[in-house]
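No hydrogens, no waters, no symmetry mates; every other heavy atom, side chains included, goes into these values. No experiment lies behind these values; they were computed from the predicted model shown.
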Amino acid sequence: MDLTAAQTPGGASGGAMDSGDWRTQLPSGSRERIVNKITKELKRHIPFSGQDGESELMKIAVKFEEKVYNAATSQEDYLRKIAIKMLTMEIKSKDDVVEEIKRTSSGAKLDERLAQVEERLEKIEAHSEKGGDIVG
C-alpha cells in the first residue's frame, strides 16, 4: 500500500499544503500502520474468505483512512476519528454478542450458552487491551 503521495505537498490529497500543515509532520509509515490496524480490526468483525476477501477489507480500510486523513484538521483530530471508529467496531461486536444471547436464551442449555458468550466477551476484552496505541 502506498500512501506516501498523499503525505507530500500537492500529493494525492489535493491542493498544495504549507510547511505548517500537520500532514507534513506525520511520521513516515504511520498511515500504513494505521491502515493495517484498521484492516486487522475489520477482519475480526467482518466475515471474509480467501485473498479476495482480505483484499476487499484492505480497500475498505484504505478508503476510510484516506477520507479521515483528508477531512482531519490536525493530527489529533485524525487520530481521534480513527480511534472512535475502532472503538465503534468493538462496541458493535459486543452488542452482537448480547443479541446472540437474546436469540438463544429460550433453550434449556442457557447456562452453557451464557458461559460460552462470557468466554467470547473475555477474549474480545483481552484482545482490545492488547491493542493499545492506535499508531503503535
Side-chain angles (χ1 to χ4, degrees):
M1 176 194 69
D2 183 20
L3 296 173
T4 55
Q7 289 179 311
T8 59
S13 65
M17 294 183 254
D18 63 41
S19 61
D21 190 342
W22 68 270
R23 290 168 182 86
T24 62
Q25 306 299 317
L26 207 57
S28 176
S30 62
R31 292 184 65 204
E32 187 168 348
R33 285 191 303 274
I34 288 172
V35 167
N36 289 336
K37 287 186 182 250
I38 294 168
T39 303
K40 184 178 176 181
E41 193 68 18
L42 287 171
K43 286 178 184 179
R44 287 182 56 222
H45 300 290
I46 299 174
F48 72 97
S49 61
Q51 195 65 27
D52 289 341
E54 189 170 346
S55 176
E56 286 301 312
L57 293 180
M58 177 66 86
K59 287 178 188 177
I60 291 167
V62 168
K63 284 184 180 185
F64 170 74
E65 187 280 337
E66 286 177 347
K67 182 178 178 181
V68 171
Y69 178 82
N70 290 325
T73 58
S74 66
Q75 184 174 352
E76 181 180 298
D77 184 40
Y78 169 71
L79 294 174
R80 181 183 55 79
K81 288 177 180 178
I82 296 289
I84 288 170
K85 182 62 175 179
M86 301 282 274
L87 288 171
T88 300
M89 279 192 278
E90 191 67 35
I91 289 167
K92 285 183 179 179
S93 177
K94 289 179 181 181
D95 287 346
D96 290 344
V97 172
V98 170
E99 287 303 315
E100 188 175 337
I101 291 171
K102 289 179 182 176
R103 283 195 308 271
T104 60
S105 64
S106 60
K109 297 182 181 182
L110 178 58
D111 290 335
E112 180 182 324
R113 190 68 182 135
L114 285 174
Q116 291 173 350
V117 171
E118 285 175 351
E119 184 179 324
R120 283 183 59 201
L121 279 173
E122 287 173 8
K123 286 179 182 178
I124 290 170
E125 289 170 359
H127 184 27
S128 64
E129 287 174 4
K130 289 179 187 177
D133 186 18
I134 294 290
V135 179

Can you measure from [atom1] ([X]) to [atom2] ([Y]) and round to the nearest 0.5 angstrom?
X     : Y     : atom1 : atom2 : value
Tyr78 : Glu65 : OH    : CD    : 3.5 Å
Glu56 : Ser49 : CD    : OG    : 11.0 Å
Ile84 : Ile91 : CD1   : CD1   : 10.0 Å
Leu42 : Met89 : CG    : CE    : 4.5 Å
Ile82 : Asp77 : CD1   : CG    : 10.0 Å

Q: Kindly indicate whether the side chain of Val62, heavy atoms from C-beta on, has any atom under 4.5 Å from the side chain of Met58.
A: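 Result yes, sub-4.5 Å side-chain heavy-atom pair found.
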Q: Compare all side-chain heavy atoms of Ser55 with those of Lys59 and state whether any distance is below 4.5 angstrom.
A: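 Side-chain contact under 4.5 Å: yes.
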Q: Determine, using the 4.5 Å side-chain heavy-atom cutoff (strictly less than), whether Trp22 and Val68 are members of one ILVMFWY cluster.
A: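 Yes, Trp22 connects to Val68 through the hydrophobic network.
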**Q.** Met86: which of Lys40, Lys81, Glu41 passes side-chain contact (heavy atoms from CB on, under 4.5 Å)
**A.**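 Answer after filtering Lys40, Lys81, Glu41: Glu41.
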Q: Examine distances only and state if a side-chain atom of Thr39 and a backbone atom of Val35 form a donor-acceptor pair shorter than 3.5 Å.
A: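 Yes.
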**Q.** Arg23 side-chain N/O to Tyr69 backbone N/O, donor-acceptor pair under 3.5 Å
**A.**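 Looks like yes, one N/O pair under 3.5 Å.
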Q: Mind running side chain to side chain contact (heavy atoms under 4.5 Å, CB included) on Gln75 and Leu26 for me, showing each step along the way?
A: CA-CA 8 Å; Gln75 184 174 352; Leu26 207 57; 3.6 Å; yes
